[in-house]
Amino acid sequence: MRPTIVLVHGAFAESASWDRVIDPLMEHGHAVVAAANPLRGLATDAAAVSDLVRTIDGPVVLVAHSYGGAVMSNVDPDAGDIVGLVYANAFAPDAGENCFQLAAMFPGSMLGEQTSRPVPRSDGTTDLYVASEPFHEIFCADLPAPRAALMCATQRPATQEALVEPSGERPLWKRVPSWFLIGEQDHTIPAALQHFMAERAGARRTVEIPGASHAAAVSNPGPAAELILQAAALPAV
């Protein structure tokens, strides 16, 4: 039975960010679900993805971008038959780490107080957007300006609280094989950090895309789909 591919978007994006990756996966006979990541809190977001996985029969390969990688790392290992993890320009935190903390470990991230737009909410949380002017350079510098403008206009905010919430005690990458796709010109999650996390996770394979931005799976859907298909083709050990 071919694995179902569950795609988890990150902060400042939405499910449609996977559009160009979905077709080649389906052409190879995989069922694909682009999960709606709530972006409200790390534990609750991971619970939402876990609940989705519980409804899927057969093996599952989880694929995540950006903050979605932290969510994926916190999915309940007993939610289903999870056979592979693909981190696409994504965080892979260890226990107790948070996204902001990790992003500061290596130089290169351009996302910070001066380049984000906070929106205080009535429930006491704060939504964070990438500010419009630097969005193209920070998030998707290798995409045409009209596409970047569309992505900026449709970005979904994550709460600041989610991005500083400590990761759980049982990172999924410690028990499930992982693959990493790294855009070498990522101005959101430094490529050096991604290489560090891939090595720490004992990644089966790491694919580096020279010149690719944080949105590498959007600008380079072919290599992204190929890596996902490799993860779906190999049995877990």
Side-chain angles (χ1 to χ4, degrees), residues 8-13 17 37 39-46 64-74 85-121 125-142 151-152 155-174 178 180-203 206 208-217:
V8 184
H9 67 82
F12 322 122
S17 61
N37 186 355
L39 306 178
R40 300 293 87 192
L42 184 54
T44 56
D45 294 344
H65 173 244
S66 194
Y67 163 75
V71 173
M72 180 170 73
S73 299
N74 283 272
L85 309 173
V86 181
Y87 290 86
N89 290 85
F91 289 109
D94 205 346
E97 296 176 343
N98 69 63
C99 293
F100 278 177
Q101 169 196 355
L102 283 169
M105 283 180 60
F106 293 85
S109 178
M110 297 174 63
L111 185 61
E113 290 185 8
Q114 303 303 315
T115 54
S116 60
R117 181 169 67 90
V119 177
R121 293 172 54 91
T125 63
T126 299
D127 275 349
L128 286 183
Y129 293 81
V130 180
S132 297
E133 185 174 344
F135 183 92
H136 192 181
E137 184 176 7
I138 291 174
F139 202 81
C140 52
D142 57 344
M151 292 174 68
C152 180
Q155 65 176 300
R156 286 185 53 209
T159 65
Q160 179 173 294
E161 290 75 14
L163 297 172
V164 298
E165 183 176 336
S167 194
E169 294 299 317
R170 298 193 300 167
L172 196 56
W173 51 262
K174 287 190 175 181
S178 61
F180 281 72
L181 179 78
I182 301 175
E184 290 293 336
Q185 292 299 316
D186 191 331
H187 296 156
T188 303
I189 304 176
L193 170 63
Q194 296 181 54
H195 282 287
F196 165 77
M197 293 185 294
E199 183 175 352
R200 179 173 69 176
T206 298
E208 305 162 4
I209 306 182
S213 70
H214 185 58

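Model, not experiment: these values are computed from the prediction. The chain is numbered in sequence order, starting from 1.
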Quiz item: Taking all non-hydrogen atoms of both residues, which atom of P171 and which atom of A95 are closest, and how far apart?
Solution: CG-N, 4.3 Å

Quiz prompt | Minimum heavy-atom distance I189-M197, with the two atoms named | solution = CG2-CE, 4.5 Å

Self-check item: Heavy-atom side-chain contact between C140 and M151 under 4.5 Å
Solution: yes

Quiz item: F180: what forms a ring-ring contact (aromatic ring centres under 6.0 Å, His included) with it, not counting sequence neighbours?
Solution: Y87

Self-check item: Nearest-0.5 Å distance, OG1 of residue T188 to CD of residue Q194
Solution: 9.5 Å

Quiz prompt | Listed once per pair and sorted, the salt bridge (charged side-chain N to carboxylate O under 4.0 Å, His left out) pairs that draw on residues 186-201, sequence neighbours left out | solution = E97-R200

Self-check item: Listed once per pair and sorted, the side-chain hydrogen bond (donor to acceptor under 3.5 Å, both in side chains) pairs that draw on residues 104-116, sequence neighbours left out
Solution: none

Quiz item: Measuring from E161:CD to T126:OG1, what's the distance to the nearest 0.5 Å?
Solution: 5.0 Å

Quiz item: Partners of H195 by side chain to side chain donor-acceptor pair (under 3.5 Å), sequence neighbours excluded?
Solution: E184

Practice problem: State which residues pass side-chain contact (heavy atoms from CB on, under 4.5 Å) with P166; sequence neighbours excluded, sorted by chain then number. | Solution: none

Quiz item: What residues form a side chain to side chain donor-acceptor pair (under 3.5 Å) with S167, not counting sequence neighbours?
Solution: N74

Self-check item: CD1-CG distance between I182 and N89, expressed to the nearest 0.5 angstrom
Solution: 7.5 Å

Quiz item: What pairs with A70 under side-chain contact (heavy atoms from CB on, under 4.5 Å), at least two apart in sequence or on another chain?
Solution: L42, Y67, F91, P93, C99

Quiz item: Under the side chain to side chain donor-acceptor pair (under 3.5 Å) test, which residues partner S213, sequence neighbours left out?
Solution: D142

Quiz prompt | E165: salt bridge (charged side-chain N to carboxylate O under 4.0 Å, His left out) partners, not counting sequence neighbours | solution = none

Quiz item: Is there any side-chain hydrogen bond (donor to acceptor under 3.5 Å, both in side chains) pair reaching into residues 130-141, and which pairs are they, with sequence neighbours excluded?
Solution: none

Practice problem: With sequence neighbours excluded, tell me which residues meet ring-ring contact (aromatic ring centres under 6.0 Å, His included) with Y129. | Solution: none

Exercise. Would you name the heavy atoms of Q155 and C152 that are closest together and state the gap between them?
Key: CG-O, 3.1 Å

Quiz item: If you round to the nearest 0.5 Å, how far is CG of L163 from CG of L128?
Solution: 6.0 Å

Practice problem: Give the minimum heavy-atom separation between G68 and N37, together with the two atoms involved. | Solution: CA-ND2, 4.1 Å

Practice problem: Would you please classify the geometry between the F139 ring and the H65 ring as parallel, tilted or perpendicular, with 30° and 60° separating the classes? | Solution: perpendicular

Quiz prompt | Heavy-atom pair of closest approach, residues A64 and A90 | solution = O-CB, 3.5 Å

Quiz item: Which distance, rounded to the nearest 0.5 Å, do you find between the CZ of R170 and the CG of D94?
Solution: 14.0 Å

Quiz item: Could you state the interatomic distance from OG (S66) to NE2 (H214), rounded to the nearest 0.5 Å?
Solution: 3.0 Å

Self-check item: Any residue meeting salt bridge (charged side-chain N to carboxylate O under 4.0 Å, His left out) with D127, in chain and number order, not counting sequence neighbours
Solution: R40, R121

Exercise. For residues R156 and A13, report the shortest heavy-atom separation together with the two atoms involved.
Key: CB-O, 3.4 Å

